[in-house]
Amino acid sequence: MSGNMVEDSLLNQTTSSTGPREPAPHRLPGAFNAVETVMKLELLGRARSKKWIAAMVVWVILLTLMWIGMLAVYANFGSHNGMSPADLATALYQAKQWSFALMLLFTLGVSLAIAPALASTTINGNRETANLAILQATPITPSALLWGKLLAAWISGAVFVLVGAVPLAILVGTNQLGWTMFVKAVAVMLAEVFIVCAIGIGASALNSRPVASVLATYLLVGLLMIGGPLTFVFTANAMTERVEFDFHSMNYDGSSDPWSNPDYNQDSRYPGLNKDPGWKCEVEKNEKYLSHTNRTWWLLLSSPVAILSDAAIGTGPHNSSIEGPLYGVPGGNTMLGFLAGRIASQRLESPSGSEFLARAQDVKPPQLSVYDDCYVGPDGKIELVPIREAAQLDNEVFGANYSKFLGQSWYWGMIFHAVLAASAIWLAWARLRVPVKRLPKGVRIA
């Protein structure tokens, strides 16, 4: 008992002599605070870099020159004599549609060209200078370190997109080109920049040398841009099925010209039929090519250009003062409409060769197919066959309406790109974990 009393008194004396206890040490920073800290460090480093500022200045100058050039083109439309005011307004409206498409795709191309440089050296570059080891020695988790660097790279690239969006917004607002279309297009561009930055982060974590990661990122972005479309083109022939069948065709092997003979009915499809012995109804070979690109159309959606074109299709309001189609509708009058129309048309499903032959040869003898131009009757006379059945079959198989697929394909490409980005982020996170179990050759800790 006495021992306990001594201990209590000593504790009381110590407490009274030292005063109140010191506050507990600060807790570990939260995840969002850690991400914000890393992001600020990265952004401050980029702000101090003259290269990033110089690139932004060049970008603004390019946009200004493009804007001046467009204004000069628009002003030149007023010099077209002989055009009615309605035709001139339509031509000017379509010219602005093309200008918007060109500036949109140009902004996407420049942003995707800059994004790899912003992200593909952010990990191995810091590792070479031993700055990464300092951050890894702090309570900052690998996830916070990764997301801080990724968001900083994305924000730096997004600035180029948003600066490029300013003249686009002016063009849309002053010409009724459609704000929904504009918002979708800018959102897709921002998403694509994020995806490329994620790929660059992954390449930076996997490669020990910055040069190798930059090259790998640019190669992968180039592969996405043209690799899928080129593969689609190279496999198009393999996706085409050739069908051959017999049909009756009218031929003329006489010595005179039945179309110039006044004794023949010139309103007939074949003047002098069954009067002029030169007319023959003969069996020939016909061939049709059935495209099955509905199996490979998705290859086109690996390209960010295809994704952007399909996403920005046909959502603008109609300009009531213009006689013409809506923005983005295929028909050759807009670039985005043309690209989206080509994607949509490849999704149409053609019948198989056997199915097509069954329909083409679904006729009664002596006809051979719905493509027959004629047939010889029991009395030996040549009978003509209406072409409406063949035209109907051709229209169903080769001229089907693909408008239902317009603007309905781009999200498949975005899903594919999102999977790539998620894979790259996971690989980068795995390489940032500490302690490191195995280091690649030539990689230093500090």
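Only heavy atoms go into these numbers, but all of them, side chains included; no hydrogens, no water, no symmetry mates.
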Answer yes if the side chains of D373 and S249 hold a donor-acceptor pair under 3.5 Å, and no otherwise.
no
Decide yes or no on side-chain contact (heavy atoms from CB on, under 4.5 Å) for M225 and L112, but give the supporting numbers first.
CA-CA 10 Å; M225 189 72 73; L112 295 186; 3.8 Å; yes
Please check: side-chain N/O of T240 versus main-chain N/O of A236, any donor-acceptor pairing under 3.5 Å?
yes
Does S213 reach the main-chain N or O of P210 with its side chain, forming a donor-acceptor pair under 3.5 Å?
yes
Do N124 and T121 come close enough that some side-chain heavy atom pair is under 4.5 Å?
yes
Could you tell me whether a side-chain N or O of S302 sits under 3.5 Å from a main-chain N or O of L224, the two making a donor and an acceptor?
yes
Paired with F247, the side chain to side chain contact (heavy atoms under 4.5 Å, CB included) test is passed by just one of V370, V385, N286, V363, namely N286
Is it the case that atom CD1 in I387 sees more than 12 heavy atoms from other parts of the structure closer than 6.0 Å?
no
How far apart are the C-alpha atoms of F160 and V193, what are their side-chain angles, what is the distance that settles it, and do they pass the side-chain contact (heavy atoms from CB on, under 4.5 Å) test?
CA-CA 10 Å; F160 286 85; V193 170; over 6 Å; no
Evaluate the criterion salt bridge (charged side-chain N to carboxylate O under 4.0 Å, His left out) for residue pair K40 and E36; output intermediate values, then yes/no.
CA-CA 6 Å; K40 285 182 178 179; E36 181 184 5; 3.1 Å; yes
Kindly indicate whether the side chain of K288, heavy atoms from C-beta on, has any atom under 4.5 Å from the side chain of D394.
yes
State, yes or no, whether a side-chain contact exists between S352 and L290 at a heavy-atom distance under 4.5 Å.
no
Check S111 against T107 and note the closest heavy-atom contact, atom names and distance.
OG-O, 2.8 Å
Does R347 use its side chain to pair, donor to acceptor, with the backbone of Q408 at less than 3.5 Å?
yes
Look at the aromatic rings of W426 and W429 and report parallel, tilted or perpendicular, splitting at 30° and 60°.
tilted
Could you tell me whether the side chain of S204 and the main chain of G200 form a donor-acceptor pair under 3.5 Å?
no
Taking the side chain as every heavy atom from C-beta outward, state whether I114 and W59 have any atom pair closer than 4.5 Å.
no
Under 4.5 Å between any side-chain heavy atoms of V38 and W147, yes or no?
no
Looking at E42 and A152, would you say the former's side chain and the latter's main chain have a donor-acceptor pair under 3.5 Å?
no
Short side-chain to backbone donor-acceptor contact, S309 and A306, under 3.5 Å:
no
Does W412 have more than 12 heavy atoms from other residues, nucleotides or ligands lying within 6.0 Å of its CH2?
no
Side-chain heavy atoms of Y371 within contact of L393, under 4.5 Å
yes
For F338, does the six-membered ring have the charged nitrogen or CZ of R342 within the cation-pi criterion, i.e. under 6.0 angstrom from the centroid and within 45° of the normal?
yes
With no hydrogens and no angle check, do the side chains of S143 and T141 hold a donor and an acceptor under 3.5 Å apart?
no
E284 CD: over 12 foreign heavy atoms closer than 6.0 Å
yes
In Å, rounded to the nearest 0.5 Å, how long is the span from CG of L308 to CG of L108?
5.5 Å
E349 backbone acceptor or donor facing N294 side chain under 3.5 Å
no
Do the side chains of V166 and W67 get nearer than 4.5 Å, heavy atoms only?
no
N/O donor-acceptor pair under 3.5 Å between D372 side chain and Q367 backbone:
no
Using 30° and 60° as the class boundaries, would you call the ring planes of F194 and W154 parallel, tilted or perpendicular?
perpendicular
